[in-house]
Amino acid sequence: MDHPLIDLINQKIAQAESEGAFDNLSGAGRPLPACDDPENALFNRLIRENGAVPEFVALSRELAALRAELRDCSDRTRRGDLLRDMSMMETRIEVAKQAFKKG
């Protein structure tokens with residue numbers, strides 16, 4: 001089944017082509033880059049371009065922030081809370097790494 005707007009899409013492409021919008025594009029005449037996951041290529045590119053990272057990377061950044069806070073903290077109660085949070089974060093990182101390897 002065709003897209004309901006296929007005629008409009010084709011018209012816009014033809015108009016852009018006649019106006020030279022596709023002339024002198026970078027990469028013209030060269031093969032497309034290899035793609036490991038063609039079904040999700042657009043999705044993966046959008047995620048990468050918008051700064052998304054695997055969960056374990058984001059969690060590792062949070063752990064680094066907790067460690068920095070611990071270095072500057074002199075309150076014993078807060079230090080205990082930070083150590084507990086760091087321990088939980090390390091566990092979450094390991095779980096996220098395992099999930100990433102499987103996925």
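- More than 12 non-hydrogen atoms from other residues, nucleotides or ligands lie less than 6.0 angstrom from CG of Asp23.
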Tabulate below the donor-acceptor pairs under 3.5 Å that side-chain atoms of residues 83-95 make, not counting sequence neighbours, or state none.
from	atom 1	to	atom 2	distance (Å)
Arg84	NH2	Asp81	OD1	2.4
Glu90	OE2	Arg67	NH2	3.2
Thr91	OG1	Ser87	O	3.2

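- Residues Asp75 and Thr77 come closest through the heavy atom pair OD1-N, 2.8 Å.
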Just distance, no hydrogens or angles: give the donor-acceptor pairs under 3.5 Å from side chains in residues 8-17, sequence neighbours left out.
from	atom 1	to	atom 2	distance (Å)
Asn10	ND2	Ile6	O	3.3
Gln15	NE2	Glu19	OE2	3.2

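- Side-chain contact between Leu66 and Glu62: absent, with no pair of heavy atoms (C-beta onward) separated by less than 4.5 Å.
- Taking each heavy atom of Ala58 and Val53 in turn, the nearest pair found is N-CG2, 3.9 Å.
- Of the possible donor and acceptor atoms, one in the side chain of Arg79 sits under 3.5 Å from a partner among the backbone N and O of Leu70.
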